[in-house]
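To keep things clear, I will list the structure first and then write my remarks on it.
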Amino acid sequence: MTLPQSLKQAYASNFPFGAAIQSAHTNIGAPQEPIIRAQFSSITAEFEMKADQITQSPGVYDFTAADRLMDFAEANGIAVRGHALVWHQSTPDYMLEGSPDVIRFNLESFIDAIVSRYRGRIYAWDVVNEAATDNPADPTAPYRNSNWHAAVGKDYIDWAFNAARAADPDASLFINDYNTELSGKRERLLEIVRDLLDRGVPIDGVGHQAHLNVGSSPADLMAAIDAVDSLGAGLENHITELDVSVYVDPGECFSSQTNCAPGYGADFADVPQDVRRAQAEIYRAVLDGAVARPSVTSVTVWGVSDADSWLNNFPISRPNHPLLFDRDFQPKEAALAVVDPDYEITG
Ligand code: XIL
């Protein structure tokens, strides 16, 4: 399958079209490297800008991998989306130790270090990632009952946004979360966003991770974008981690890794035709919906090829095929569907 134009060309007048990548993907000879240069106008570090990757003790920072990503992007005229300053899963132990004042100081120090280092070179930061709870019965709802919330309550969110704004006044600052396509989760996230806006905390946008599957409804994701627009605060919307799993799993697959859908083979041709067709249709509908909404200012897929996807190991190990390029680094039908509006999807 060959593409008549690149992903970034197809959306050049709408928004940057990005991918999450790893610094190893920028090596000469890496199969991802030519694809990234040819196809994407934005990159996000899949993990190499997360706090636990940069710092393990106060004031000691290693930016080697993050610098490599930044240098590669700049050498190739690719924009960079920053991800993620505060995430419960990537917080070094020391950052949650000590009094609230110490915790605040260590958080602000890290944010100042990384955001200042790349000031003017990163167009948007995911400042706080996954702060909303999935469980409305949580005593902490709408906030996630996370290690951060347990340590200092919700104040860490304000500290992070204020520190990021001070370190780079020109970067757009985002709160980022998954399952915004589900109305309950969306409402909890928006309650947090409204609270931030009401109190003048500097937030510029909402990131919708959009980890979809072939049973997802693109209209539900668009409803989340429309709900942000309806706040009337002029917030941007970014689709930050788009992928479309070929598996439709029940909740217990995610909570206890049970009753997950059985895996298909590692070859994309092993995936049933109706599933492949659904994937291409969902990608097309998401991109069409994004183009139709001026508040959508960036779209990023969470990986270059199916070989790279985190979904090969989450929620269980199983070959997944959620991205736009297959394991042989060839464009899939979903890629054709999003660059060519006239292409007829067959699966
Ligand atoms: C994942 C990466 O893909 C993995 O490589 C890493 O080990 C763990 O994090 N939501 C997010 C992303 O915001 O940062 C996560 O990325 C996927 C879920």
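Just so it is clear, the structure is predicted and the values come from calculations on it, not from any experiment. Values below: every heavy atom of this structure, side chains too, minus hydrogens, waters and symmetry copies.
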- Message: Before we go on, tell me: are the rings of Phe15 and Tyr11 under 6.0 Å apart, centre to centre?
- Response: yes

- If we ignore angles and hydrogens, is there a donor and acceptor under 3.5 Å between the side chains of Thr64 and Asp62? yes

- Query: So, His321 versus Phe268, ring centres under 6.0 angstrom or not?
  - Reply: yes

- Query: When you look at CD of Glu344, are more than 12 heavy atoms from neighbouring residues, nucleotides or ligands closer to it than 6.0 Å?
  - Reply: no

- Message: Tell me whether the count of non-hydrogen atoms from other residues, nucleotides or ligands lying under 6.0 Å of CG in Asp274 goes above 12.
- Response: yes

- Query: So, Glu241 and His211: side-chain donor and acceptor under 3.5 Å apart, yes or no?
  - Reply: yes

- Message: Are there over 12 heavy-atom neighbours, none belonging to Phe105, within less than 6.0 Å of that residue's CZ?
- Response: no

- Examine distances only and state if a side-chain atom of Thr44 and a backbone atom of His83 form a donor-acceptor pair shorter than 3.5 Å. no

- Working to the nearest 0.5 Å, report the span between CD1 of Ile175 and OG1 of Thr180. 12.0 Å

- Message: So, applying salt bridge (charged side-chain N to carboxylate O under 4.0 Å, His left out) with Asp134, which one of Arg188, Arg186, Arg144 is it?
- Response: Arg144

- Audit row: Asp229, Arg293, salt bridge (Lys or Arg N to Asp or Glu O under 4.0 Å) steps and yes/no: CA-CA 9 Å; Asp229 292 345; Arg293 289 167 173 76; 5.6 Å; no

- In terms of heavy-atom contacts, Gln22 and Leu69 come closest through C-CD2, 3.8 Å

- pair Thr346-Glu333: side-chain heavy atoms closer than 4.5 Å: yes

- Message: Holding to salt bridge (Lys or Arg N to Asp or Glu O under 4.0 Å), I want the full list of residues that pass it with Glu187, two or more places apart in sequence or in another chain.
- Response: Arg194

- Message: When you measure from the side chain of Asn237 to the backbone of His208, do you find a donor-acceptor pair of N or O atoms at a distance under 3.5 Å?
- Response: no

- Item | salt bridge (Lys or Arg N to Asp or Glu O under 4.0 Å) between Asp267 and Arg327, worked out | CA-CA 8 Å; Asp267 191 335; Arg327 279 177 173 64; over 6 Å; no

- Polar contact flag, side-chain donor to acceptor under 3.5 angstrom, Glu48-Ser23: yes

- Query: Going by distance alone, is a donor N or O of one side chain under 3.5 Å from an acceptor N or O of the other, for Tyr118 and Asp67?
  - Reply: yes

